[in-house]
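Contents: one structure, followed by commentary.
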Protein chains: 2
Amino acid sequence: MRETAAAENRPYHHGDLRRALIDAARRLLESEGPTALSLRAVAREAGVSPAAPYHHFKDKGELLDAVAHEGWDMLNAQMAKAKAEATTIQDKLTGLGVSYVRFAQANPALYRVMYDSSRDKEALPDHAHMQDDSAYCQVRDTFIEAGADVNNEIDLELATNAAWCAAHGMAEMISFKMFDHLKVALGGEEAFIRATFQHLGIFAAARPR
Amino acid sequence: MRETAAAENRPYHHGDLRRALIDAARRLLESEGPTALSLRAVAREAGVSPAAPYHHFKDKGELLDAVAHEGWDMLNAQMAKAKAEATTIQDKLTGLGVSYVRFAQANPALYRVMYDSSRDKEALPDHAHMQDDSAYCQVRDTFIEAGADVNNEIDLELATNAAWCAAHGMAEMISFKMFDHLKVALGGEEAFIRATFQHLGIFAAARPR
DNA sequence: AAGATGATCTTTACGCCGTCCAGATTCAGA
DNA sequence: TCTGAATCTGGACGGCGTAAAGATCATCTT
């Protein structure tokens, strides 16, 4: 008797069920949305019994955490690419912000999981803002490149936080239909994002003070 | 046989079960958080059978919508109060932003429900941004009072949207522990909010352009 | 090589959930 | 007063997260 999903032939026990579960979860997240993502559905998609995941994750939340972790890694990578491709400091800053919003827009369900699992712990995961290649550090470093005062740690963090607020706020707003006419008037979504950032100042110009 | 919750003696059928259900939901939301808010629990809290709510709401989502609606009304009122109490235009703008964030902070579960039920419809509810007393219109009007060009509708909407992004982003960030040391360093949460807004420009100064 | 050990997976079960349906109760209008 | 509609109850269904107990299988010890 064959499983319908992605199993085919299982070598010993499964091989790497943990990996398979995370992949199945991300597949379901894309295709069915966040509300349809149940532990049982993930197990089903991976071709395994409903209780099997408990040997790899303490509970559903821990599986979601693992999915969120990969989301942050993807976001960090995408922003690094955006920064690398930009030439001027100005472009780097704006590019980072636009890249952030575009990620949220391209992976809305994943983006939601990333913040939901953060909110439970009342903290963004460390690798999302503490490691060298993190989105947070990339923004902060760009502010430094732009001439921000390295010695004023507080102000540097404030600026980075402000940028994060702007980007996250924009990421949540852009999917609301109420702004569609602005996108049209400005000639596309990216123009809308850039225009909003311009009003917020922070991504449009480095503001060493 | 008496119910344990808030029923006591029911006159005819219940009186106004719709009202009672919304109140029960908000009570549970405050005390138990958003994850614990099930339709059955709400019915239980209201002292009524699990199927009773279906005579007043199409499904769970519609009950949540009603709760969200009251949340937006509360937010609009709180922001109107903040604006009325401020004297200068500067104070009005900053006060609106601070008031928004404070609301989200004081009612985190309600704030979550407000945006979750919006996201499902891909639109903020009309009364949250279209009526005269809405938070959106209050911010926009203040920009006008501050000298924004009334004829440039697009730019005015962009500015208002930008302000909303900043406030919402800040509202989501402020509960993360990773910023606690900034709150301490700046001498309180409100100072942290104001300093961040200052970096974002938009709430710190009207920016007619 | 053989058997023990422990990790992995399945089966079964429990209580909670959202929702539907059939019947009871009560209100309102003729 | 009778009738019909609105409101509420009780019970049922399938899906959920998760725990416990048993089966299976890779690996380690001797």
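Heavy atoms only: backbone and side chains are in, while hydrogens, waters and symmetry mates are out.
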Expressed in angstrom and rounded to an integer, what is the separation of Leu28(A) atom CG from dC16(D) atom P? 11 Å
Closest approach of Leu21(A) and Val42(A), non-hydrogen atoms and distance? O-CG1, 3.5 Å
Find the distance between OG1 (Thr35(B)) and CG (Asp120(A)) and round it off to the nearest 0.5 Å. 8.0 Å
Check side-chain contact (heavy atoms from CB on, under 4.5 Å) between Ile154(A) and all other residues, then give those that pass, not counting sequence neighbours. Asn152(A), Leu158(A), Leu182(B), Ala185(B), Leu186(B)
Protein-nucleotide distance (Arg40(B), atom CZ; dG17(D), atom C1'), rounded to Å: 16 Å
Expected output is a numbered-order residue list: members of residues 54-64 of chain B with a heavy atom under 4.0 Å from any atom of DNA chain C. What is it? Tyr54(B), Asp59(B), Lys60(B)
Could you tell me which residues satisfy side chain to side chain donor-acceptor pair (under 3.5 Å) with Lys83(A), sequence neighbours excluded, listed by chain and number? Thr142(A), Glu145(A)
Can you check the Leu39(B) CG to dT9(D) C1' distance for me, whole Å? 16 Å
May I have the distance from Leu21(B) (atom CG) to dT7(D) (atom C1'), rounded to whole angstrom? 12 Å
Can you classify the ring geometry of Tyr100(B) versus Trp164(B) as parallel (below 30°), tilted (30 to 60°) or perpendicular (above 60°)? perpendicular
Check the distance between dA6(D)'s P and Arg18(B)'s CZ and give it to me in whole angstrom. 16 Å
Axial bend angle, the helix from dA1(C)-dT30(D) to dA30(C)-dT1(D): five-pair end segments, nearest 10°: 10°
Please list, chain by chain and in numerical order, all residues satisfying side-chain contact (heavy atoms from CB on, under 4.5 Å) with Ala20(B), sequence neighbours excluded. His14(B), Leu17(B)
Of the non-hydrogen atoms in Leu29(A) and Pro34(A), which two are nearest, and what is the gap between them? CD1-CA, 3.7 Å
Sequence neighbours excluded, every pair satisfying side-chain hydrogen bond (donor to acceptor under 3.5 Å, both in side chains) that has a member inside residues 48-64 of chain B: none
Using whole Å, report how far CZ of Arg44(A) lies from P of dT11(C). 15 Å
Hey, does Ser38(B) reach any base, or is it just sugar-phosphate, or nothing, if we go heavy atoms under 4.0 Å? sugar-phosphate
According to the interplanar angle, ranging from 0 to 90°, do the rings of Tyr111(B) and His168(B) count as parallel (below 30°), tilted (30 to 60°) or perpendicular (above 60°)? tilted
Please give, in whole Å, the distance from dG18(C) C1' to Leu37(B) CG? 13 Å
Nearest-angstrom distance from the residue atom CG of Leu17(A) to C1' of dA26(D): 16 Å
